[in-house]
Structure formats: C-alpha cells, structure tokens
Amino acid sequence: MKNLSRLWKRFSWLSRLVIICIVIIIYGWALKGLKVDFQLLKDSWFHIIDFISRLFPPNTSWDILYKTAKALVETVQMSVLGTTIGALLSLPIAVASARNVAPVWLRWLANFLQNAVRSVPSIILGLLFVAATGLGPLAGTLALGIYTIGYLAKFYQQAIEAVDPRSIESLQVVGASRLQVAQYGLLPQVLPLMLGYTLWMFEYNIRAASVLGAVGAGGFGFELKSYIDGFEYTKATTMILILSVVVTIIDALSSKLRQRLDSM
C-alpha cells in the first residue's frame with residue numbers, strides 16, 4: 001500500500017498533465033466549432049465603434065424619462081408577481097424532488113418537470129403566453145412565473161437535501177406524515193436560504209423581463225426594442241443607463257437582505 005502511495009506521488013504530475021491536455025483539447029474543439037474568422041473580427045472594430053458613437057449623448061427629455069420610469073415600474077411589477085408565482089409553485093415541486101423526503105417515483109417525476117421547464121428559454125415562454133393572452137405585461141408575468149420554477153425548484157431542492165437528517169428521522173420515528181416532516185422538520189431550517197434564493201431570482205427576473213418585452217410581453221424591453229427598431233439610439237441609451245442604475249440599487253438592497261437571512 002505504501003509503495004502504491006509513493007508511486008502515485010511520483011507520477012502525480014502525469015495526471016495533472018493529462019487533465020491539462022484534455023482541457024486544451026476541449027477548448028480547441030469548441031473554438032473550432034465556432035469557425036471564428038479572426039480577419040473579420042479585426043475589420044469589425046470600425047462598425048462597433050460607429051454603433052457605440054451613435055448611442056451618445058443620451059436623450060434626457062422629460063418624455064423619455066417619463067416613459068422609462070413607467071416601463072421600469074411595469075417591469076418591477078412583472079418581476080414581483082412572476083417571482084411570487086414561481087416561488088409558490090416551486091416549493092411543492094422541490095419537496096417532491098428531495099431525496100431525503102420523497103419516494104423514488106415521485107422524485108423522478110418532479111425532477112423531470114424541473115428539467116423540462118428549465119430547458120425552455122424564457123423568450124419562448126414569452127411568445128407562448130403572448131399567443132395565449134395577447135400583448136402586454138400579463139404574458140410576461142406568466143412567462144416569468146413558469147421560468148422561475150425551473151431554477152427556484154432546483155435551489156429549494158438542494159436546500160432541503162442539505163438539512164440535518166436527524167431532525168427528519170426524529171419526526172419519522174414518532175409517526176409524522178410526509179407533510180408534517182416537510183412542515184416541521186424541513187421548512188424551519190431552509191426558510192432563510194429559500195428567501196435568499198427568491199431574492200436573487202427577483203433580481204434576475206427584472207433583467208429577464210426586459211428581454212421578454214422584445215416579444216411583446218410588456219415591460220421595459222418593449223419600449224427599448226421600439227427605440228432600437230426606430231434607430232432612436234440616444235433614447236435607447238437613456239433607458240439602458242436608467243435600468244443599470246435601478247438594477248444596481250436593487251442588487252445592493254437584496255444583497256444586504258440576503259446577508260441578514262444568511263445570518264439567521
């Protein structure tokens with residue numbers, strides 16, 4: 001055994017070399033698949049600079065500021081409702097997915113549902129709900145709600161699976177049902193972590209709502225796309241800058257809230 005240990009230490013550099021070679025091969029394969037034309041990239045700087053120059057100076061007229069503020073409020077409303085819908089639906093799916101709570105057959109179905117939802121891009125969900133409910137923020141809110149399930153259910157599941165198993169076993173010993181185990185053994189331990197994940201998802205959904213507006217699902221992105229399509233780049237710049245400031249503020253506030261929750 002000692003001889004094998006010495007032999008492994010002597011040739012450990014070989015295993016690291018093999019790993020490095022594998023990583024290089026993978027990235028080389030990925031780069032080859034992109035078929036990058038480096039000459040085209042070199043010549044494209046002029047067009048990039050030209051486009052950026054047309055974004056400035058930002059248009060600061062009151063009309064643009066009012067439209068931007070109105071669109072931002074709608075985007076935040078969509079994110080609040082969409083995140084809430086997704087969080088409420090994610091909780092039972094997460095419990096059904098957790099290996100320390102649910103039976104195998106239920107875990108398989110719940111995990112399949114998570115993966116199915118997560119595999120659908122948010123913009124496709126936006127198109128689906130626009131077709132179902134028409135243009136506007138309702139379609140975007142529903143799309144965000146479903147999109148949120150794919151991520152929060154997974155985060156909640158991981159939090160549930162990380163709880164102290166002794167608390168679950170003690171409840172099972174006294175004859176508690178699965179619902180009681182989840183209510184009294186799991187939720188008190190994972191609730192702060194779940195709230196932190198939900199806040200993070202709320203931040204993300206504000207950005208996602210901006211993208212959904214591009215397909216007519218309301219919010220900030222709808223106005224932004226209208227300006228870009230109309231070549232009104234200075235107005236689009238104003239919206240992007242204001243969105244950046246608002247997202248930064250929300251991120252700072254939610255980070256402080258998450259720190260408070262983590263300390264709990």
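Being a predicted model, the structure only gives us computed values, none of them experimental. Hydrogens, waters and symmetry mates are skipped; everything else that's a heavy atom, side chains included, is used.
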>> Holding to side-chain contact (heavy atoms from CB on, under 4.5 Å), I want the full list of residues that pass it with Ala98, two or more places apart in sequence or in another chain.
In response: Asn100, Val101, Ile160, Glu161
>> Under the rule for side-chain contact (heavy atoms from CB on, under 4.5 Å), what residues qualify as partners of Thr148, not counting sequence neighbours?
In response: Leu152, Met201, Asn205
> Going by the salt bridge (charged side-chain N to carboxylate O under 4.0 Å, His left out) test, which pairs reach into residues 183-206, not counting sequence neighbours?
Replying inline: Glu203-Arg258
Tell me, please, which residues at least two apart from [X] pass side-chain hydrogen bond (donor to acceptor under 3.5 Å, both in side chains).
{"X": "Glu74", "answer": "none"}
{"X": "Thr238", "answer": "none"}
{"X": "Lys154", "answer": "none"}

Side-chain donor-acceptor pairs under 3.5 Å in residues 61-69, sequence neighbours left out?
from: Ser61; atom 1: OG; to: Asn59; atom 2: OD1; distance (Å): 3.0
from: Thr68; atom 1: OG1; to: Ile64; atom 2: O; distance (Å): 2.8

For residues 213-231, which side-chain donor-acceptor pairs fall under 3.5 Å, sequence neighbours excluded?
from: Lys225; atom 1: NZ; to: Asp229; atom 2: OD2; distance (Å): 2.7
from: Ser226; atom 1: OG; to: Phe222; atom 2: O; distance (Å): 2.9

Donor-acceptor pairs under 3.5 angstrom involving side-chain atoms of residues 119-143: please list them, not counting sequence neighbours.
from: Ser119; atom 1: OG; to: Asn115; atom 2: O; distance (Å): 3.3
from: Ser119; atom 1: OG; to: Ala116; atom 2: O; distance (Å): 2.7
from: Thr133; atom 1: OG1; to: Phe129; atom 2: O; distance (Å): 2.7
from: Thr141; atom 1: OG1; to: Pro137; atom 2: O; distance (Å): 2.9

Exercise: identify the closest heavy-atom pair between [X] and [Y]:
{"X": "Ala209", "Y": "Thr75", "result": "CB-CG2, 3.6 Å"}
{"X": "Met239", "Y": "Ala71", "result": "CE-CB, 4.2 Å"}
{"X": "Ala153", "Y": "Ala94", "result": "O-CB, 3.5 Å"}
{"X": "Ala87", "Y": "Thr198", "result": "CB-CG2, 4.2 Å"}
{"X": "Leu241", "Y": "Pro58", "result": "CD1-CG, 3.7 Å"}

Group every Ile, Leu, Val, Met, Phe, Trp and Tyr by side-chain heavy-atom contacts under 4.5 Å, then state whether [X] and [Y] land in the same group.
{"X": "Leu212", "Y": "Val246", "value": "no"}
{"X": "Ile149", "Y": "Met78", "value": "no"}
{"X": "Phe155", "Y": "Ile146", "value": "yes"}
{"X": "Tyr147", "Y": "Met194", "value": "yes"}
{"X": "Tyr197", "Y": "Val95", "value": "yes"}

> Apart from Leu81 itself, which Ile, Leu, Val, Met, Phe, Trp or Tyr residues share its cluster (side-chain heavy atoms under 4.5 Å, direct or through members)?
Replying inline: none
>> Clusters formed by hydrophobic residues whose side-chain heavy atoms approach within less than 4.5 Å: which one holds Leu253, and what are its other members?
In response: Val245, Ile249
When rounded to the nearest 0.5 angstrom, what is the spacing between [atom1] in [X] and [atom2] in [Y]?
{"X": "Leu106", "Y": "Ser97", "atom1": "CG", "atom2": "OG", "value": "7.5 Å"}
{"X": "Ser79", "Y": "Arg207", "atom1": "OG", "atom2": "CZ", "value": "9.5 Å"}
{"X": "Ile206", "Y": "Leu144", "atom1": "CD1", "atom2": "CG", "value": "10.0 Å"}

Expected list for residues 17-31: side-chain donor-acceptor pairs under 3.5 angstrom, two or more places apart:
none

So [Y] and [X], do their side chains get closer than 4.5 Å, heavy atoms only?
{"X": "Ile93", "Y": "Tyr156", "answer": "no"}
{"X": "Tyr204", "Y": "Tyr151", "answer": "no"}
{"X": "Tyr233", "Y": "Ile52", "answer": "no"}
{"X": "Ser53", "Y": "Asp50", "answer": "yes"}

> More than 12 non-hydrogen atoms from neighbouring residues, nucleotides or ligands closer than 6.0 Å to CZ on Arg54, yes or no?
Replying inline: yes
>> Tell me if a side-chain donor or acceptor on Thr237 pairs with a main-chain N or O of Leu55 at a distance below 3.5 Å.
In response: yes
